[in-house]
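Quick caveat, the model's predicted, so the values are computed rather than measured. FYI, the numbering just counts along the sequence from 1.
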Amino acid sequence: NHYDLVIKSIAGPKANSIKRSDRELMRSCPCPVWLVNDADQSNNDCVLAALDMPVDGGVSIEMNEHILEAARSIALAEFRRLHIVHAWHLAEEGHMRARGGAATELELDRMILHEAAKRMRWLRDTVKTSRSDSQRIANDYLAPELHVIKGSPRMVVPDLAEELGAGLIVMGSAARTGVSGIWLGNTSEKVLSRSDS
């Protein structure tokens with residue numbers, strides 16, 4: 001029906017008490033879904049936005065823009081601090097370390113440092129790039145803290161949210177339905193199942 005947002009309450013002391021219908025909603029809803037935990041969150045004073053570095057452009061870039069816009073708006077409206085996280089891993093690192101072949105430990109460590117620096121530059125540029133004056137002003141006012149952390153998003157995001165005391169996690173999800181949705185789920189669901197935010 002062309003709604004911009006669906007807000008749904010989830011009951012229980014832990015977010016992992018979400019029902020199957022909530023997971024289905026996250027997978028198939030064509031607009032953003034905000035699942036709200038009924039637990040008291042009065043002490044949670046920051047918003048955490050999770051961004052993913054686009055590989056194919058298009059949808060990923062647009063999703064990051066929506067995530068940033070929502071996170072900035074909520075942080076401003078509720079006078080909360082804003083943190084932005086990007087979790088990443090070096091492709092084939094485990095395989096390269098196990099083989100101990102062409103790439104030495106030192107070379108791998110250099111590759112990791114290089115990749116981390118590249119991703120931090122990308123995150124800074126992404127956060128600085130604003131489509132409007134109001135977004136630029138919001139950025140300057142909020143002065144978001146950036147986190148580039150090596151690891152799986154499904155582990156990094158909830159761990160950082162707990163460490164920061166985040167009351168809200170804003171992240172995107174590529175809707176996945178059918179057999180692939182049943183078997184694979186998605187990162188947002190995995191983060192939700194480990195998070196109280």
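Inter-residue side-chain proximity for Leu123 and Trp88 is flagged as unmet; no heavy-atom pair is nearer than 4.5 Å. Side-chain contact between Leu82 and Cys46 is absent, with no heavy atoms from C-beta onward closer than 4.5 Å. Between Val85 and Leu51, the closest side-chain pair of non-hydrogen atoms is not below 4.5 Å. In this structure, Val6 and Pro32 have side chains that are not in contact, with every pair of non-hydrogen atoms separated by 4.5 Å or more. Proximity of Leu48 to Leu168: side-chain heavy atoms (C-beta onward) are nowhere separated by under 4.5 Å. Taking the side chain as every heavy atom from C-beta outward, Glu145 and Ile84 never approach each other to under 4.5 Å. A 4.5 Å side-chain heavy-atom check between Tyr3 and Cys29 finds every atom pair outside the cut-off.
For the residue pair Lys150 and Val156, the shortest heavy atom distance occurs at O-CG2, 4.2 Å. Taking each heavy atom of Ala138 and Arg72 in turn, the nearest pair found is CB-CD, 4.3 Å. The shortest non-hydrogen separation linking Gly172 to Met63 is CA-SD, 3.4 Å. Contact between Pro158 and Pro153 at its shortest, heavy atoms only, is CD-O, 3.7 Å. Of all heavy-atom pairs spanning Ala87 and Gly151, the tightest one is CB-O, 3.6 Å. Residues Ala161 and Ile169 approach most closely at CB-CD1, 3.7 Å, considering heavy atoms.
Applying the ring-ring contact (aromatic ring centres under 6.0 Å, His included) definition to pairs two or more places apart or across chains, those involving residues 136-159 are His83-His147.
In the hydrophobic cluster analysis, where Ile, Leu, Val, Met, Phe, Trp and Tyr join through side-chain heavy atoms closer than 4.5 angstrom, Ile137 is grouped apart from Ile74. Following chains of ILVMFWY side-chain contacts shorter than 4.5 Å, one can reach Leu5 starting from Leu68, so the two form part of one hydrophobic cluster.
Note that CD of Glu62 and CD1 of Ile67 are 11.0 Å apart. Values are rounded to the nearest 0.5 Å. We find the CG-CG distance between Asp159 and Leu164 to be 11.0 Å, quoted to the nearest 0.5 Å. The distance from the CD1 atom of Ile149 to the CZ atom of Arg119 is 13.5 Å, given to the nearest 0.5 Å. Annotation: the span from His66 atom NE2 to Ile61 atom CD1 amounts to 12.0 Å, rounded to 0.5 Å. Summarising the geometry, atom CE belonging to Met155 is positioned 13.0 Å from atom CG belonging to Leu160; distances are rounded to the nearest 0.5 Å. Considering CG of Leu108 and CZ of Arg110, their distance stands at 11.0 Å, rounded to 0.5 Å.
Judged purely by atom type and a 3.5 angstrom limit, Asp45 has no side-chain atom pairing as donor or acceptor with the backbone of Arg81.
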* Give the C-alpha distance, both sets of side-chain angles, the deciding distance and a yes or no for side-chain contact (heavy atoms from CB on, under 4.5 Å) between Glu65 and Glu69. => CA-CA 6 Å; Glu65 289 172 355; Glu69 186 177 342; 5.9 Å; no
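Using a 4.0 Å cut-off between a side-chain N of Lys or Arg and a carboxylate O of Asp or Glu, Glu115 and Lys118 qualify as a salt bridge.
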